[in-house]
Number of protein chains: 2
Amino acid sequence: MARKTKEDAELTRQRIITAAREVFAKRGVSHTTMEHIASHAQVTRGAVYWHFANKIELFHAMRDQAMLPFIERINAAVLDEQSEDPLLMIEQLFCNTIQTLNEDASTRQTYEIMMAKCEYVDEFNNVLQELLINCRIFIEKTQLLYEKAKQKGQINPNIDPAVLAMDTHLFFSGVLHMWVKDNTNLGYREQTIDLIKQHIKLRRKSQTE
Amino acid sequence: MARKTKEDAELTRQRIITAAREVFAKRGVSHTTMEHIASHAQVTRGAVYWHFANKIELFHAMRDQAMLPFIERINAAVLDEQSEDPLLMIEQLFCNTIQTLNEDASTRQTYEIMMAKCEYVDEFNNVLQELLINCRIFIEKTQLLYEKAKQKGQINPNIDPAVLAMDTHLFFSGVLHMWVKDNTNLGYREQTIDLIKQHIKLRRKSQTE
DNA sequence: TTTTACATACAATCATGTTTGTATATAATA
DNA sequence: TATTATATACAAACATGATTGTATGTAAAA
């Protein structure tokens, strides 16, 4: 065995990340060893340790690949100034997320790992705190959209957009947890899109008249 | 060291469960060894293995102590026939749960472990499925309360109680996750009770008129 | 020629499950 | 009631992997 070209090295790096994700999803982060990851990526531990100092670095690499696109989507949704229907924007943001989870196995796995197959202690505690910060940002963006909706008369003017944003965020947090954890039993995933639409519908002013 | 009386044995058994919870909360379930638990309970691994075959049995014992009282509370709330205000029943059920978390450190720890310090793979996957079943039951009970509320004219008659129940459950699921995970940063826990009340308020018919 | 991108080998620790030992509580019996 | 037998509630020792991090080797890319 010999030295690879830079492009090849990048490929093996990516193979290792993919392997890590797949093994994490199967055995959980804690019970996954570097050897598991290496053999699943068809390399030796030497290769893994060459690219990543330890398991956490690998975890971060995996997380970023799934999370960064999601964050960009949120920003895009908020910045869409010419939208006539902010409530629909929120709805579509959620629906798109669920659709991504449905279509993209790697994103699905990463969410599964982060929500049910990872223990947030010691170094991983930081990951949780970073997630909470993202939640804050997400809530603020949602609030902006609700304020737009209020200006456009889409919602009851007596209700504080901040409250709506919080309520919606907690709802969607619950949705994601349900969706991800219901991987064997049937039922939840099929109705998720409908639940999101109903949630938004509950806010629309026309609904209450 | 010698044989203890039955009462003493039961005490050490309980001490081991408590120790397990505390170590789980500190190090996460996976990184907790039987030796950690034993020494923290001031016994040897021999004692731990005498009372529990392995870590999962210990985990189950810990979980049951926190979960069974909660399930009983739900049933009590639904069965309260003479209540004039079903919406208030839902609100109080949630508020009481949060209050318990605030007051009882052991319940708090158990929730923390189950939501952020445990990997649901292999044998632990069953735990997750059992949790989902409890969710189903909880949703059904909530729906019953919303149907009562509908009969009493507390909510908009055009809205399906099943939808409301689902939406509320997902909201509260999000609330619990937020509450439990926000253990360092301030902010979320203080406003939780208010968020719950706002959530219920959004449903009240008087609110939409 | 010097890095790079790995593979291989090594050392040390850690955790688990089991086994064995033992003092005593608790019946059973006389 | 006193004695005996047995099951109980552990402690201590053992044997056996499993993982980790590092150190070293190496062939080809740069």
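In what follows, every chain begins at residue 1, and chains take the letters A, B, ... in the order their sequences are listed.
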Practice problem: Summarise how protein sits on nucleotides 14-23 of chain D as a single string, 5' to 3': B when a protein heavy atom is under 4.0 Å from the base, S for sugar-phosphate-only contact, - for no contact. | Solution: -----SBBB-

Quiz item: Should Asp122(B) and Lys117(A) count as an ion pair when the cut-off is N to O under 4.0 Å?
Solution: no

Quiz prompt | Spacing between Ile16(B) atom CD1 and dA9(D) atom C1', to the nearest angstrom | solution = 10 Å

Quiz item: Between Asp167(A) and Arg203(A), is the closest basic N to carboxylate O distance under 4.0 Å?
Solution: yes

Quiz item: Centres of the Phe94(B) and Phe172(B) rings: under 6.0 Å?
Solution: yes

Quiz item: Side chains of Thr142(A) and His169(A): do they bring a donor and an acceptor to under 3.5 Å?
Solution: no

Self-check item: Distance in angstrom units between Asp8(B) CG and dA23(C) C1', rounded
Solution: 14 Å

Self-check item: d(CD1, Ile56(B); P, dT16(C)) in whole Å
Solution: 12 Å

Practice problem: For the side chain of Thr5(A), starting at C-beta, report the closest nucleotide among dC6(C), dT8(D), dA30(D). | Solution: dA30(D)

Quiz prompt | Polar side chain donor-acceptor pair, Glu103(A) to Gln99(A), under 3.5 angstrom | solution = yes

Quiz item: dG17(C) C1' sits how many Å from Phe52(B) CZ, rounded?
Solution: 17 Å

Quiz item: Does the side chain of Lys4(A) get closer than 4.0 angstrom to OP1 or OP2 of dA5(C) through an N or O atom?
Solution: no

Quiz item: With a 4.5 Å heavy-atom cut-off, do Glu7(B) and Leu11(B) have their side chains touching?
Solution: no

Quiz prompt | Integer-rounded Å distance: dA9(D) C1' and Leu11(B) CG | solution = 13 Å

Quiz prompt | For atom CD of Gln14(B) and atom P of dA9(D), their distance in whole Å | solution = 16 Å

Exercise. Measure from NZ on Lys6(A) to C1' on dT3(C) and round the result to the nearest Å.
Key: 10 Å

Quiz item: Can you tell me if the side-chain N/O atoms of Trp50(B) get under 4.0 Å from OP1 or OP2 in dC10(D)?
Solution: no

Self-check item: Trace of the side-chain hydrogen bond (donor to acceptor under 3.5 Å, both in side chains) decision for Gln14(A) with Gln65(A)
Solution: CA-CA 11 Å; Gln14(A) 186 55 51; Gln65(A) 287 194 359; 2.9 Å; yes

Quiz prompt | Phosphate-side-chain proximity, His51(B) and dA9(D), N/O vs OP1/OP2 below 4.0 Å | solution = no

